Amino acid sequence: MIKAEEIINKQFSRAFWGYDIGEVDEFLDDIVRSNERAEQELEIAQLRIKMLLEELQHYTGKQEEAKTEPETAENAETENTEAASAETAAEKNGETAAEETVDALEQQEKSEDAEEEETDMEEITIRYVKPEDAERVTMVEGTCFPPAEAASRERIEARIRAFPKNFWVAEADGCVVGFINGMACERRTIVDEMFENAGMHDDAGAWQSVMSIAVLPEYQKHGIAARLMNTLIDDAKAAGRKGCTLTCKDRLIHYYAKFGYKDEGVSASEHGGAVWYDMVLEFPAC
């Protein structure tokens, strides 16, 4: 973002009729782009804060429910445990027996925590996007991609309108935590215009693109991205398409290769000013 000091100290060359108009226009354009990026970052940060507050309220509510459970249940469990170990406790030192009981309870709590974490991941569902998901999707996009690459809410809403059946979200506890989307088209590789113009989508397109795939950091490394990608691939096969196409940075080439994508070299895309590689998954001919 251009700082106020830079604006104040900016010097322009003098032309015959005054300042060089080209220089002034270029500087003003830089200011506009910088402010647009700042506004986008602020919007994403606000969405992220809102999401975290909602999650905090959700888990705080769960803890309050746990605290209000009848104490009699705890007392009954304690009495049963003491009765079952009465004979053993009589043969042991009281302090040792108490320590063993604490150890057993700690192991049980750890086991229950592990089962709960596994269940939470299993309860993640994959579904088609809905118009009301736009805010959450924008937040996830902005969290996972740098500002120069992240799609704005306006573009995300345009994609939802243009190809809702080529746009899937991963949902946990009623909240979107990840997504994948991409238009169908006749192009075998992606060009930058596709990111800007959702209207290029063609339901009958031979190729299924992947324009964006993202999962919130706290939900990563649980196979959610793989589930999203496999959903898109399976849908493309069922639709009779030739295959899928995407661009990625060099560090992710090996990841997409696991799904069958092949590296076809540096892409013509310069999206966000980065260097991208064309990755193509071509389905076997029937």
Side-chain angles (χ1 to χ4, degrees), residues 1-2 26 29-30 32-45 47-48 129 134 136-164 166-169 178-202 205-217 220 225 228-229 232-233 236 241 243-257 259 261-282:
M1 182 176 179
I2 296 178
E26 184 179 351
D29 287 342
D30 287 342
V32 170
R33 285 192 292 268
S34 179
N35 285 337
E36 285 177 346
R37 286 196 297 270
E39 288 175 2
Q40 184 178 352
E41 290 177 12
L42 177 61
E43 180 183 8
I44 290 167
L47 290 173
R48 182 68 170 157
V129 73
R136 290 281 303 189
V137 170
T138 301
M139 183 276 297
V140 176
E141 174 94 354
T143 300
C144 297
F145 294 100
E149 298 171 18
S152 65
R153 177 164 180 166
E154 182 181 1
R155 288 187 178 177
I156 286 171
E157 289 176 341
R159 293 178 190 178
I160 294 174
R161 289 193 299 269
F163 43 88
N166 302 72
F167 199 138
W168 295 266
V169 299
F179 67 89
I180 187 170
N181 69 70
M183 65 176 64
C185 60
E186 288 300 319
R187 292 196 57 88
R188 192 172 187 275
T189 56
I190 290 174
V191 292
D192 286 343
E193 187 181 356
M194 295 167 66
F195 293 103
E196 301 164 5
N197 183 11
M200 292 178 66
H201 169 71
D202 177 6
W207 295 90
Q208 171 64 57
S209 70
V210 179
M211 300 173 69
S212 187
I213 177 170
V215 176
L216 286 175
Q220 291 175 8
L228 287 165
M229 179 61 75
L232 178 140
I233 292 172
R241 308 196 195 280
C244 301
T245 180
L246 60 83
T247 57
C248 72
K249 294 175 181 174
D250 56 357
R251 60 186 175 83
L252 290 174
I253 289 175
H254 74 283
Y255 175 76
Y256 293 112
F259 298 95
Y261 287 90
K262 296 187 182 303
D263 175 17
E264 297 199 345
V266 177
S267 173
S269 172
E270 298 178 346
H271 180 62
V275 176
W276 303 92
Y277 288 79
D278 286 323
M279 301 290 288
V280 177
L281 168 59
E282 192 164 359

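Here, residue 1 is the first one in the sequence, and each next residue gets the next number. All values below come from the heavy atoms of this structure, side chains included, with hydrogens, waters and symmetry mates left out. All figures in this text were calculated on a predicted structure; none of them were measured in a lab.
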4.5 Å side-chain heavy-atom contact, [X] and [Y]:
| X | Y | value |
| --- | --- | --- |
| Leu281 | Gln208 | no |
| Asp278 | Arg188 | no |
| Val210 | Leu232 | yes |
| Met229 | Trp168 | no |
| Ser152 | Thr138 | no |
| Val215 | Leu228 | yes |
| Pro217 | Thr143 | yes |

Report the distance from atom [atom1] of [X] to atom [atom2] of [Y], rounding to the nearest 0.5 Å.
| X | Y | atom1 | atom2 | value |
| --- | --- | --- | --- | --- |
| Cys185 | Asn166 | SG | CG | 10.0 Å |
| Asp263 | Leu252 | CG | CG | 12.0 Å |
| Asp202 | Arg187 | CG | CZ | 13.5 Å |
| His271 | Met194 | NE2 | CE | 11.5 Å |
| Thr245 | Tyr261 | OG1 | OH | 8.0 Å |
| Phe179 | Cys144 | CZ | SG | 7.0 Å |

Could you tell me which non-hydrogen atom of [X] sits nearest to which non-hydrogen atom of [Y], and how far apart they are?
| X | Y | value |
| --- | --- | --- |
| Val140 | Gly178 | CG1-CA, 4.3 Å |
| Ala134 | Arg153 | CB-NE, 4.3 Å |
| Ser267 | Thr247 | OG-CG2, 3.7 Å |

Backbone of [Y] reached by a side-chain donor or acceptor of [X] within 3.5 Å:
| X | Y | result |
| --- | --- | --- |
| Arg241 | Gly243 | no |
| Glu270 | Asp192 | no |
| Ser209 | Met183 | yes |

Could you check Phe195 against Met211 for side-chain contact (heavy atoms from CB on, under 4.5 Å), going step by step and ending with a plain yes or no?
CA-CA 7 Å; Phe195 293 103; Met211 300 173 69; 4.2 Å; yes

Determine, for Glu282 against Lys262, whether the closest basic-nitrogen to carboxylate-oxygen distance falls under 4.0 angstrom.
no

Give the ring-plane orientation class for Phe163 versus His201, where under 30° counts as parallel, over 60° as perpendicular and anything between as tilted.
tilted

How are the rings of Phe259 and Tyr255 set relative to one another: parallel (under 30°), tilted (30 to 60°) or perpendicular (over 60°)?
perpendicular

Distance only, no hydrogens: is a donor on one side chain within 3.5 Å (strictly under) of an acceptor on the other, for Ser212 and Glu141?
yes

Before you tell me yes or no, could you show the steps for Val137 and Phe167 under side-chain contact (heavy atoms from CB on, under 4.5 Å), namely the whole-Å CA-CA distance, both residues' side-chain angles and the distance that decides it to 0.1 Å?
CA-CA 11 Å; Val137 170; Phe167 199 138; 3.9 Å; yes

Any salt bridge (charged side-chain N to carboxylate O under 4.0 Å, His left out) pairs touching residues 243-252, not counting sequence neighbours?
Glu149-Lys249

Sequence-distant partners of Arg161, side-chain contact (heavy atoms from CB on, under 4.5 Å), two or more places apart
Glu157, Ala158

